[in-house]
Amino acid sequence: MKYYLTTPIYYVNAAPHIGHAYTTIAADTIKRLKRIQGYDVILTTGTDEHGQKIERAAAAAGKSPSEFTDLISGEFRRQWEILGLGVDRFQRTTSPNHAAMVQELFRRCLDAGYVYKGTYTGQYCVFDELYVNDAKPGDSCPECGRPTETITEENFYFKLSAFQDKLIELYEKHPEFIQPETRRNEVLGFIQRGLKDISISRTTIKWGIPVPGEDKHVFYVWFDALMAYMSAVEHDKQWPADLHLIGKEIVRFHAIYWPAFLIAAGWPLPKRIFAHGWLLFENDKMSKSRGNIVRATPIQRVLGTDALRYFLLREVVFGQDGSFSYDALIARYNADLANGLGNLAARTLAMINQYRGGVIPASDGDPQIAQAAKEITGFALDCFEKLDFSKALEAIFTLIAAVDKFIVEHAPWKLAKGGDAGVKELDDTLYTSAEALRLVTALLAPVMPDAAAKIWAQLGFSSTIDDIRAGDLHWGHLKRGQKLGPVEGVFPRAVAKESIDKMRELEAEEVTRQRALLGQPAEPAAPDAPASAAPALAPIREDVSQISIDDFAKVDLRVGIVKDAARVKGADKLLHLHVDIGEPEPRSIVAGIALAYKPEDLVGRKVVIVANLAPRKLRGLESQGMIVAASREGDVPVLAGFHEDVPIGAKLK
RNA sequence: GCCGGCGUAGCUCAGUGGUUAGAGCGACGGUCUCAUAAUCCGUAGGUCGUAGGUUCGACUCCUACCGCCGGCACCA
């Protein structure tokens, strides 16, 4: 039986961080779980390497696109090796086998009548490679705020509109197709509002896979990238995937576009898509602009890969957003791994060494613990199957607690001194502890392979944890007479401050190394740097065309004072302002700053506006100009202002 | 603005009509000594977001409101 699962292919515009590791660690864990169940498991990952953003990032690093993507793709591949993740195939979208598959998808869709050529005239954001519907010339991009360009281009379109009913039918027939349920509901809601055809080619980009017979065109990123799931296993015919593991931000592409493409091409559909949540840093979104992105390797180097794996899967409910913090990591590590699992192993193995010469005694074990073990095992396996890692782990650790209690109740150290009377009870107690330890170790092996391997060897097994199968997960499989291996602590207790300092130090080093790799200047700001520290800004566009002073003079920037401000009904982000710039009547201006500023805080504040911008209606209100604000990727805008007092109506030049 | 979710002990969360609302972590007190200053035992009193309502009875159902989150709309 085969089981094929995937992580997303990661976009190479940034170096790997803990978010990438999260997905890939989860995938590796699932792979190990499925192996225990006896499946031949294939896990694929890879890198998504096309598009203008990459062209640009490469240029910024002073490299050609292919040099640049080789470098970053290699960085991802190495990351998974360092973390010991069992990736079977690493698929790059720049490899020839992939291009052929994408072109094949295109031909099949074309032959089936789901692709047509059309013309698009309108606004386009070069940075995001995005067509901005309903935008006018001069408008800026809804995603990034950069100016859009007016383009007319011939494009290939995919008839997504033809798939509305087919997709709804798919979700109804296979409720597990998209999980968790909230994502499924969102997708359904989105589809029920109607699907539009999508453009699947671009003539504005060179760095991509060419459309067959249409040299000017390259494929749009999603038409290209999704196919990596098929090209990765092209040679051993593993398609369809049993599971696509993704982040919640790419649900729509996987749950809507992807099955539609496949149906159009007449290829089988993946069985299940599971979208996990985001990893936050101390409850804030991790983002470049905040400078609070955490990498996996510093954590690995201080506490070990297992600590990272355990933390991510135990602390965060899979499917929901979760928070990473160094304090929580250390707390989990010490409470669960050092005091719980590590200590149980240490005390159990030490007692067998001391009291029984390192040999597993003969016993059936305590019936109550055996029963508890049976129930907990069943429950945990059930949770694992549902990808509810946190609940599974919680359950497994209740068995550890039960055994700790059991040991105290029987006090083997007293039995050992009690002569012949205590021999049987001592044997039973030691066997029970060791067998429970064996079972717990086997259950935890998919999550903590390194520690499990160590304990496994200490229990005296010559087989490896990769040999563990479902049949081993039953009480009583530990054999009497088995000789323990050399014993050594698996999770030494961590001193919080020391460990955190060390992780932060390594984190800073890793940031510097990654930035050098990307051709960016060293950035001293630590992840916990105060807000005043300069955040890492996106590189300034290399290709912003230069303008003359006359061009600049066309822009009439004026200082004004906000007379009143009010929220715009029906819009989260909009404020309706009246700004006095020294004209007879204040200007009516609608600005997308409601998330950053309260209306009452703006009244009386001096702002800069573009006074000669063509008026435009927004939500029925006329906007006679635009407020100047600085914005960072993924962040709220910050209004421009002055340190000195400036009269109303003053012109900026 | 529309749709959905959430708001329970310091922290993370469980609990969906019925006796005194639970767990883990943290904190405090005690205990054993096999063990990683670990284990084990005990304690900690949280208006179950706010205000109404239904009911013999609500954390659990309904309504409104507040706050947070997500999706859509929106972002000049």
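Since the model is a prediction, treat every value here as computed from it, not as a measurement.
Applying the side-chain hydrogen bond (donor to acceptor under 3.5 Å, both in side chains) rule to A:Asn343 yields no partners; only residues at least two apart in sequence or on another chain are considered. Listed by chain and residue number, A:Lys386 satisfy the side-chain contact (heavy atoms from CB on, under 4.5 Å) test with A:Asp382 (two or more places apart in sequence, or in another chain). For the side-chain hydrogen bond (donor to acceptor under 3.5 Å, both in side chains) test, no residue two or more places apart in sequence or in another chain qualifies with A:Lys454. For the side-chain contact (heavy atoms from CB on, under 4.5 Å) test, residues two or more places apart in sequence or in another chain that qualify with A:Gln371 are A:Lys374, A:Glu375. Residues satisfying the side-chain contact (heavy atoms from CB on, under 4.5 Å) criterion with A:His254, sequence neighbours excluded, are A:Trp222, A:Leu226, A:Tyr229, A:Ile246, A:Ile250, A:Ile273. In this structure, the side-chain contact (heavy atoms from CB on, under 4.5 Å) partners of A:Gln482, at least two apart in sequence or on a different chain, are A:Ile360, A:Phe461, A:Leu478.
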Name the atoms and distances for all side-chain donor-acceptor pairs under 3.5 Å in residues 483-495 of chain A, with sequence neighbours left out.
residue: A:Arg493; atom: NH1; partner: A:Asn339; partner atom: OD1; Å: 2.9

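Checking B:A38, B:C40, B:C34 against every side-chain atom of A:Tyr355, the shortest atom distance belongs to B:C34. Minimum atom distance to the side chain of A:Ala346 is reached by B:U36, of the listed B:C41, B:U39, B:U36. Between B:C32, B:A35, B:C40, one nucleotide has an atom nearer to the side chain of A:Trp413 than all others, and that is B:C32.
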N/O-N/O pairs, protein side and nucleotides 66-71 of chain B side, under 3.5 Å:
residue: B:G70; atom: O2'; partner: A:Arg183; partner atom: NH1; Å: 3.2
residue: B:G70; atom: O2'; partner: A:Glu186; partner atom: OE2; Å: 3.0
residue: B:G71; atom: O4'; partner: A:Glu186; partner atom: OE2; Å: 3.4

What's touching nucleotides 4-9 of chain B from the protein side, N or O pairs under 3.5 Å?
none

Pairwise N/O distances under 3.5 Å, protein to nucleotides 22-30 of chain B:
none

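Within 4.0 Å (heavy atoms only), A:Gly194 reaches no atom of the nucleic acid at all. Within 4.0 Å (heavy atoms only), A:Ala345 reaches no atom of the nucleic acid at all. Nucleic acid contact class of A:Gly342 (heavy atoms, under 4.0 Å, all strands): base.
Rounded to a whole angstrom, the distance from the P atom of B:U8 to that of B:G15 is 14 Å. Between the P atoms of B:C59 and B:U19, the separation comes to 10 Å (whole Å). For B:G46 and B:C13, the C1' atoms lie 14 Å apart once the distance is rounded to whole Å. Going from the C1' atom of B:G24 to that of B:A9 covers 12 Å, rounded to whole Å. Straight-line distance between the P atoms of B:C41 and B:U31: roughly 15 Å, to the nearest whole Å. B:U60 sits 13 Å from B:A14 when the C1' atoms are compared, rounded to a whole Å. B:G10 sits 11 Å from B:G45 when the P atoms are compared, rounded to a whole Å. Across the P atoms, B:A27 and B:A21 are found 27 Å apart, a figure rounded to whole Å.
Atom CE of A:Met351 is separated from atom P of B:U36 by 12 Å (rounded to the nearest Å). One can place CG of A:Leu344 at 11 Å from C1' of B:A38, the figure rounded to the nearest angstrom. Taking atom NE2 on A:His576 and atom P on B:C74, their separation rounds to 19 Å, with Å as the unit.
Among residues at least two apart or in separate chains, salt bridge (charged side-chain N to carboxylate O under 4.0 Å, His left out) pairs with a member in residues 326-336 of chain A are A:Glu315-A:Arg332, A:Arg332-A:Asp336. Sorted by first and then second residue, the side chain to side chain donor-acceptor pair (under 3.5 Å) pairs involving residues 397-408 of chain A (not counting sequence neighbours) are A:Arg347-A:Asp404.
Using modelled atom types, one finds a donor on one side chain and an acceptor on the other under 3.5 Å when comparing A:Trp278 with A:Glu249.
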- Step by step, work out the salt bridge (Lys or Arg N to Asp or Glu O under 4.0 Å) result for A:Lys391 and A:Glu394. CA-CA 5 Å; A:Lys391 207 175 259 180; A:Glu394 188 185 358; over 6 Å; no
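A:Ile561 CD1 to A:Ile609 CD1: the interatomic distance, rounded to the nearest 0.5 Å, is 12.5 Å.
The side chain of A:Gln320 places no N or O atom within less than 4.0 Å of a non-bridging phosphate oxygen (OP1 or OP2) of B:C13.
With ring centers used as reference points, A:Phe324 lies 6.0 Å or more from A:Tyr22.
Partner assigned to B:C6 is B:G67, using Watson-Crick or G-U wobble distances below 3.5 angstrom. In this structure, B:C56 forms a base pair with B:G18, meeting either the Watson-Crick or the G-U wobble geometry with both donor-acceptor distances under 3.5 Å. The base-pairing partner of B:C34, taking Watson-Crick or G-U wobble contacts with both distances under 3.5 Å, does not exist among the strands shown.
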